Amino acid sequence: MGKSSTKMPEVNLTDLLPHQIPSVAYTIQNMWISLSAMVLAMASFFFTLWVVLPLSMTRPFFPKPKPSLPETETKKVVLIIGASQGIGFSILKQYADEPDTVIVAASRSIDSVRSMAIELGDTVAMLKCAEVDLSGTRKQISEVIKSLDKLYGPISHLYEVSGISSHVKDHGVWGLDITGEMISVNVAGTVASVLSMYDLMKGRGYGKICVVGSIAGLYSPANMISYASTKAFVNNFCTSLRILAAPTGVDVITVQPGLIDTRMTKHMRNQGSTVPGIEFGDPEGLAEQMKAAVEEGGMGIVNWPVRQGVIAYGLQAMNPICQELGGWVLMKMNVAGKRIT
Ligand SMILES: NC(=O)c1ccc[n+]([C@@H]2O[C@H](COP(=O)([O-])OP(=O)(O)OC[C@H]3O[C@@H](n4cnc5c(N)ncnc54)[C@H](OP(=O)(O)O)[C@@H]3O)[C@@H](O)[C@H]2O)c1
């Protein structure tokens with residue numbers, strides 16, 4: 001192939017601009033979308049105020065369900081995928097002081113889980129280390145989940161926390177390979193582990209599955225293209241699975257964290273993110289909220305810091321023209337750093 005065929009063609013941006021101006025028909029369609037969003041937002045607000053709020057006040061009058069276990073089981077078995085650091089490690093600490101609990105701490109590399117366990121020291125709960133690589137095939141992931149269930153289980157709780165973004169890798173340019181890696185871990189691997197666990201749990205009529213998506217899957221700067229798309233999948237998949245799983249006795253909780261201070265966001269900040277440090281929440285605080293939602297029930301989604309979740313849901317109400325503009329503005333402001341991820 002000649003050198004000239006790989007050269008990017010010269011494009012004059014000013015020439016392109018008139019084509020970007022929305023047509024009248026599309027603008028009117030967008031105004032209808034905004035009206036529809038306003039009507040539905042008001043209807044859902046009043047439904048929540050008049051129906052759901054009074055109902056939520058009756059909760060304390062119902063007998064508390066047994067914290068987590070069916071009558072036949074004597075111990076909790078909590079599998080955490082992505083327990084080596086960050087949010088997953090904070091979840092592990094939430095269960096570390098519980099008696100009659102087995103924690104199966106898993107991650108891509110058993111070495112990183114083991115060094116975490118050594119650093120953590122003695123725990124009241126029994127701690128087991130395992131390797132679960134979410135970039136493996138569906139069959140491999142499903143088999144490893146089944147074998148962990150057989151070895152330490154029945155597993156009563158699954159926390160699927162693992163996820164990758166190209167912020168963490170300091171090399172590589174965004175494109176097919178990086179997007180493929182993220183789809184493989186964040187989407188295919190997550191679905192394989194969650195559905196393998198769900199199949200086992202629904203057969204037993206009991207279980208808790210907590211999966212980490214992101215507010216980036218609700219709304220994000222345009223340069224978070226691949227990461228945000230994988231998280232939109234997780235958000236959507238798990239909120240629907242919650243409804244499908246409810247009659248089987250399996251409770252599914254979707255976690256949509258905002259900005260949390262972990263390895264992932266440390267890299268993002270090093271790569272030029274303009275978000276002030278004060279906005280990055282503590283992973284321990286998020287883990288507390290996750291455990292409360294899992295153990296106490298009645299909560300389909302965990303947003304934390306709550307303020308960031310509220311804003312992200314509000315941004316979803318914008319019409320497509322404004323969403324496009326907003327995605328561009330947030331990218332230009334380097335909210336998620338200078339990289340495309
Ligand atoms: N931090 C935030 O602001 C934020 C916001 C929204 C959502 N999230 C989501 O929260 C989750 C945890 O993120 P974090 O910030 O705690 O990230 P982190 O500190 O980078 O930790 C990521 C975890 O995922 C594990 N992992 C990576 N690739 C894996 C694979 N192929 N198979 C199995 N495990 C793998 C890592 O294990 P190793 O140590 O073995 O690599 C590590 O335990 C992710 O799903 C992320 O997308 C984070």
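Counting starts at 1 for both ligands and their atoms, in listed order. The shown structure was predicted, so the numbers you read here are calculated from the model rather than taken from an experiment.
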Regarding ligand 1, does [X] bring an N or O atom to under 3.5 Å of one of the ligand's N or O atoms?
X: I260; result: yes
X: P257; result: no
X: V185; result: no
X: I215; result: no

So which atom in [X] and which in [Y] form the shortest heavy-atom distance, rounded to 0.1 Å?
X: E279; Y: P305; value: O-CG, 4.4 Å
X: D282; Y: I260; value: C-CG2, 4.2 Å
X: S193; Y: L158; value: O-CD2, 4.0 Å

> What's the spacing between M268 CE and T262 OG1 if we round to 0.5 Å?
Replying inline: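 Going from the CE atom of M268 to the OG1 atom of T262 covers 9.5 Å.
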> Rounded to the nearest 0.5 Å, how far apart are CG of L35 and CG of N30?
Replying inline: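 These two atoms lie 11.0 Å from each other.
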> Given E143 and K150, is the salt bridge (charged side-chain N to carboxylate O under 4.0 Å, His left out) satisfied, shown in steps?
Replying inline: CA-CA 10 Å; E143 272 166 12; K150 216 169 177 181; over 6 Å; no
>> By the definition side-chain contact (heavy atoms from CB on, under 4.5 Å), identify the one residue from V302, V212, I301 that meets it with Q256.
In response: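 It is I301; the other options fail the test.
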Any [X] heavy atom less than 4.0 Å from ligand 1:
X: G258; value: yes
X: A106; value: no
X: G88; value: no
X: K231; value: yes
X: F280; value: no

Could you list which atoms of ligand 1 come closer than 4.0 Å to a heavy atom of [X]?
X: T265; result: 1 (N), 2 (C), 3 (O)
X: S109; result: 40 (O)
X: L259; result: 3 (O)
X: I164; result: 27 (C), 28 (N)
X: S135; result: 31 (N)
X: D133; result: 30 (C), 31 (N), 32 (N)
X: S214; result: 6 (C), 7 (C)
X: G82; result: 43 (O)

> Crowded around Q316 CD? As in, over 12 foreign heavy atoms under 6.0 Å?
Replying inline: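 Yes - once you tally the heavy atoms of other residues, nucleotides and ligands closer than 6.0 Å, there are more than 12.
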>> Under a 3.5 Å cutoff, is there a donor and acceptor pairing between the side chains of Y159 and Q94?
In response: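 Absent: no donor and acceptor within the cut-off.
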> Going by distance alone, is a donor N or O of one side chain under 3.5 Å from an acceptor N or O of the other, for T179 and W174?
Replying inline: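 Yes, W174 and T179 have a side-chain donor paired with an acceptor closer than 3.5 Å.
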Do [X] and [Y] land in one hydrophobic cluster if side-chain heavy atoms of ILVMFWY residues count as linked below 4.5 Å?
X: L218; Y: I33; answer: no
X: L79; Y: V234; answer: yes
X: W328; Y: I311; answer: yes

> Using heavy atoms and a threshold below 4.0 Å, how should the contact between I87 and ligand 1 be classified: side chain, backbone, both, or neither?
Replying inline: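 For I87, backbone and side-chain atoms both sit under 4.0 Å from ligand 1.
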> Hey, is S112 touching ligand 1 through its side chain, its backbone, both or neither, going by heavy atoms under 4.0 Å?
Replying inline: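 Answer for S112: side chain.
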>> Measuring from atom 1 (N) of ligand 1, which candidate in T262, V113, D111 has the nearest non-hydrogen atom?
In response: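 That would be T262.
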>> Measuring from atom 20 (O) of ligand 1, which candidate in H267, Q308, R263, K266 has the nearest non-hydrogen atom?
In response: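 Ranked by closest heavy atom to atom 20 (O) of ligand 1, first place is R263.
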